[in-house]
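Since this is a predicted model, take the numbers as computed values, not measurements. In what follows, chains are A, B, ... by sequence order, proteins preceding strands, each numbered from 1.
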Amino acid sequence: MKCKSIKQLISLYGDAVLTREEKERVDVHVETCARCRALLAEHKKTWDVLGAWQQIEPPSDYVSRFWTVCTTQEKWYESLFRLAATITRSRKLAYSVALVLLLIAVVPVSVYRYIENVEARAFVISLSEDEWEMIENLDLLAELDVLDSM
Amino acid sequence: MFGKKNNNKEEYLADPDVQLMLRFKAGDLPSFDVLLKKYFPRILNFIYRYTANETRAEDIAQEVFIRVYKSRAGYNPHATFKTWLYTIAKNCALNELRKNKRHMESLDRPLTVQGEDMYRDQVDPKAVRPDQLLMHRDKEQMVKKAIALLPKNQKTAIVLRKYDHLSYAEIAQIMRTSEKAVKSLLSRGKENLRKSLSKYIESLQ
């Protein structure tokens with residue numbers, strides 16, 4: 001096995017990606033080739049030395065910083081989306097908002113109808129007996145279609 | 001097709017991070033928080049190692065997640081979340097390198113203490129002395145320099161493999177290339193690193 005053909009395999013030997021057959025080829029070759037054996041050792045050391053580059057830690061408030069930047073850059077419709085998402089996230093909040101909207105829609109109509117009823121009742125109470133009799137007669141005439149012919 | 005692009009959408013939908021992103025798309029904000037907490041440190045370090053610029057790494061990592069945040073409406077998984085995220089990070093890091101080449105950390109200054117070359121210092125490995133801490137920093141500087149000098153594709157492959165522990169298939173997807181090409185990039189990258197770090201490694205013996 002020529003050194004040139006095995007060079008790539010040697011560089012990837014420690015990476016756990018070689019097939020069993022490829023690993024065996026390297027093992028067999030380095031048994032008899034001191035140069036490739038030294039190359040294999042150097043590659044291993046190089047790969048290990050890369051571990052000296054330590055990672056950095058993010059700042060402890062990186063999450064809140066992110067949201068601050070995000071909301072600052074947000075367009076108005078994105079803010080609405082986020083508000084809607086906040087509301088729908090909490091069921092209790094969603095129900096409360098829905099209830100409030102319902103009350104806003106229903107209450108004025110109910111109040112208006114109530115006032116209308118109160119006024120109507122007051123009008124009925126104020127009628128005399130003669131006026132009541134007149135209204136009943138008018139109803140009878142309307143049923144008999146007499147009013148239209150008058 | 002490059003990167004063994006897997007058209008099996010079901011496989012991507014099985015990815016729990018893709019599910020989180022889809023939930024976020026549907027309006028569930030806490031899902032994005034989970035993704036942010038899981039991936040921000042990794043992306044931060046990937047960008048730090050790729051650009052060798054600790055000062056800018058946080059800003060760029062933030063930009064990556066802002067892009068993810070803003071893309072939620074059109075999110076349509078055609079890869080795992082991780083490879084998609086790393087692709088965005090790689091592009092942001094590349095843009096930064098192109099913009100601020102001259103502002104990259106100078107890695108060329110000589111590593112000396114009191115006029116002496118630290119490489120020749122032979123210290124007792126069992127003792128903990130200030131110059132040992134400096135030796136470690138020295139080793140880190142050498143590694144930073146060696147990786148910074150790699151051609152960009154080799155650097156991408158090396159950083160993703162060594163520090164982010166991604167598979168060849170994942171690296172191929174991120175780099176939009178084949179696994180065979182990734183193998184070749186890693187082999188050449190390692191060979192270049194071996195050459196640039198060989199004298200330093202010899203001095204440690």
B/K190 vs A/D15, side chain to side chain contact (heavy atoms under 4.5 Å, CB included): CA-CA, chis, key distance, verdict = CA-CA 11 Å; B/K190 283 183 173 194; A/D15 209 10; 3.7 Å; yes
ask   = How about A/W47 and B/K162: do any of their side-chain heavy atoms sit closer than 4.5 Å?
value = yes
key: Heavy-atom side-chain contact between B/R194 and A/L39 under 4.5 Å   = yes
Donor-acceptor pair, side chain of B/Y163 and main chain of A/L50, under 3.5 angstrom = yes
ask   = Any side-chain heavy-atom pair from B/E58 and A/P58 closer than 4.5 angstrom?
value = no
Close side-chain approach of A/Y62 to B/K37, heavy-atom, < 4.5 Å = yes
request  = Kindly indicate whether the side chain of B/Y168, heavy atoms from C-beta on, has any atom under 4.5 Å from the side chain of A/L12.
outcome  = yes
ask   = Measuring from B/F40:CZ to A/R65:CZ, what's the distance to the nearest 0.5 Å?
value = 8.5 Å
inquiry  = Ring centroids only, cut at 6.0 angstrom: are A/W67 and B/F65 within range, meaning strictly under it?
reply    = no
query = Can you name the nearest heavy-atom pair linking B/Y69 to A/C70, along with the distance?
reply = CD2-SG, 3.5 Å
message = At a heavy-atom distance under 4.5 Å, which candidate from B/L193, B/L186, B/I66 has the highest pair count against chain A?
response = B/I66
Inter-residue atom distance B/Y200.OH - A/K45.NZ, 0.5 Å rounding = 13.0 Å
task = Heavy-atom pairs under 4.5 Å with chain A are the metric here; pick the option from B/L197, B/D33, B/I158 that has the most.
result = B/D33
ask   = Atom CG in B/N192, atom OG1 in A/T46: separation rounded to 0.5 Å?
value = 11.0 Å
remark   = Checked B/L44, B/N45, B/I147 vs chain A; the most non-hydrogen pairs under 4.5 Å come from B/N45
request  = Grab the two heavy atoms, one from A/Q8 and one from B/S184, that are nearest each other, plus how far apart they are.
outcome  = NE2-CA, 3.7 Å
query = Can you check whether B/S198's main-chain N or O pairs, donor with acceptor, with A/E42's side chain at less than 3.5 Å?
reply = no
request  = Tell me, for B/L36 versus chain A, whether the close heavy atoms (under 4.5 Å) come from the side chain, the backbone, both or neither.
outcome  = both
key: Step-by-step side chain to side chain contact (heavy atoms under 4.5 Å, CB included) determination, A/I10 to B/E191   = CA-CA 10 Å; A/I10 283 175; B/E191 180 59 20; over 6 Å; no
note = Value for CD (A/Q54) from NZ (B/K144), rounded to nearest 0.5 Å, stands at 11.0 Å
note = Bottom line for B/R188: the part with an atom under 4.5 Å from chain A's heavy atoms is neither
inquiry  = If you count every heavy atom of other residues, nucleotides or ligands that lies below 6.0 Å from A/E131 atom CD, does the total exceed 12?
reply    = yes
